[in-house]
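These notes are about the structure you will find just below.
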Amino acid sequence: VDFTPNQGAVVTEWSIEDADEIFQLRAMLESYGAGRAASRASAEQIAALRALAERQHDESVRRLPGYLERIGELNNLFHRRLQEAAGSGRLSRALAALLEAPLVMKTFLNYSADDLQRSAAHHLELVRALEARDGDWAASVMRSHVLAARRTFQHSR
């Protein structure tokens, strides 16, 4: 939303460059957060992330009516919980400005069945990296995850 004094607010569209920049920043910051989470997440946090990832994977395979909305909610919750596990308020605040729900949901609307399953598989692999306490692996998977979403978004425009 752009605010103009004495004129009000206008909802703006993302340009291709804006969206690309958001995805690039997310790839950097979220991969950093995933790496941090690998050494900081509690067993309970990892178990909660596993449950979310498994539910998302199930939704991506079954694709029952309303599945895209459920996947979107599960995805957002997974990413928020992963940020919490990273234990950095600064990182969470920086990512809050980048995780634009309409942009994420628009991306999901253009996912093929294979794209949905790949995304869910990334979440499962991220959980395995956290369980192994391997920050490099977690960061690598998250970077791939965000860049794959960027590619899908680019091809939908």
Side-chain angles (χ1 to χ4, degrees), residues 14 19-157:
W14 288 287
D20 191 56
E21 182 180 27
I22 288 169
F23 280 111
Q24 288 182 36
L25 288 167
R26 281 186 57 206
M28 288 186 286
L29 293 174
E30 287 195 81
S31 63
Y32 170 72
R36 277 181 62 100
S39 64
R40 290 172 171 76
S42 68
E44 293 80 17
Q45 287 173 314
I46 294 171
L49 286 164
R50 175 166 287 290
L52 289 168
E54 288 173 351
R55 285 178 54 204
Q56 183 175 344
H57 184 265
D58 183 58
E59 289 286 353
S60 73
V61 171
R62 295 175 62 215
R63 296 192 305 276
L64 298 175
Y67 72 98
L68 282 179
E69 291 79 12
R70 289 189 298 277
I71 286 174
E73 291 169 13
L74 290 166
N75 180 74
N76 290 339
L77 192 52
F78 182 92
H79 284 262
R80 274 199 316 268
R81 295 290 184 260
L82 187 60
Q83 287 172 38
E84 290 169 7
S88 171
R90 286 181 191 90
L91 178 62
S92 292
R93 287 188 298 278
L95 283 170
L98 295 173
L99 295 175
E100 305 280 353
L103 180 62
V104 172
M105 197 59 207
K106 183 178 183 338
T107 304
F108 273 130
L109 293 174
N110 293 298
Y111 271 27
S112 67
D114 287 343
D115 292 330
L116 289 171
Q117 289 179 18
R118 183 201 65 245
S119 179
H122 285 158
H123 283 193
L124 288 169
E125 187 173 356
L126 271 162
V127 171
R128 286 191 289 277
L130 296 177
E131 290 168 341
R133 301 294 183 181
D134 189 327
D136 291 335
W137 181 15
S140 175
V141 173
M142 180 56 82
R143 181 168 171 73
S144 295
H145 179 65
V146 174
L147 294 178
R150 180 183 78 171
R151 188 72 174 161
T152 300
F153 181 82
Q154 288 171 336
H155 284 281
S156 69
R157 298 207 38 119

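Side-chain contact between Leu91 and Gln83 is absent, with no heavy atoms from C-beta onward closer than 4.5 Å. Counting heavy atoms from C-beta on, the side chains of Glu84 and Arg81 come closer than 4.5 Å. When side chains are defined from C-beta on, Thr152 counts as touching Arg118, because their heavy atoms get closer than 4.5 Å.
Ring geometry, His123 versus Phe78: the interplanar angle falls under 30°, so the pair is classed parallel (tilted spans 30 to 60°). Ring-plane geometry between His122 and His145 is classed as perpendicular, the angle between the planes exceeding 60 degrees on a 0 to 90 degree scale with a lower cut at 30.
One distance of note links CG of Leu95 with CZ of Arg26; it measures 8.0 Å at 0.5 Å rounding. Between the CG atom of Leu126 and the OG atom of Ser140 there is a distance of 9.5 Å, given to the nearest 0.5 Å. Atom OG of Ser88 sits about 8.0 Å away from atom CZ of Arg40, to the nearest 0.5 Å. Note that the CZ atom of Phe23 and the CD atom of Glu30 stand 10.0 Å from one another [nearest 0.5 Å]. Atom CD of Gln154 and atom CG of Asp20 lie 5.5 Å apart (nearest 0.5 Å). Residue Leu52 holds its CG atom at 14.5 Å from NE2 of His57, rounded to the nearest 0.5 Å.
Looking at Ser31, its side chain does come within 3.5 Å of a backbone N or O of Ala27 through a donor-acceptor pair. At distances below 3.5 Å, not a single donor-acceptor pair connects side-chain atoms of Asn75 with backbone N or O atoms of Gly72.
Screening residues 59-68 for side chain to side chain donor-acceptor pair (under 3.5 Å) gives Asp58-Arg62, Glu59-Arg70 as the qualifying pairs, with residues at least two apart or on separate chains. Applying the side chain to side chain donor-acceptor pair (under 3.5 Å) test to pairs two or more places apart or on separate chains, those with a residue in residues 129-139 are Arg50-Glu131, Glu125-Trp137.
Glu73 pairs by the side-chain hydrogen bond (donor to acceptor under 3.5 Å, both in side chains) definition with nothing, not counting sequence neighbours.
Nearest heavy-atom pair across Ser119 and Gln56 is OG-NE2, 3.8 Å. For the pair Leu82 and Leu49, the tightest heavy-atom approach, listed with the atom from each and the gap, is N-CD2, 3.8 Å. The shortest non-hydrogen separation linking Leu130 to Ala34 is CD2-O, 3.9 Å.
Surrounding CD of Gln24 are more than 12 heavy atoms belonging to other residues, nucleotides or ligands, all under 6.0 Å away.
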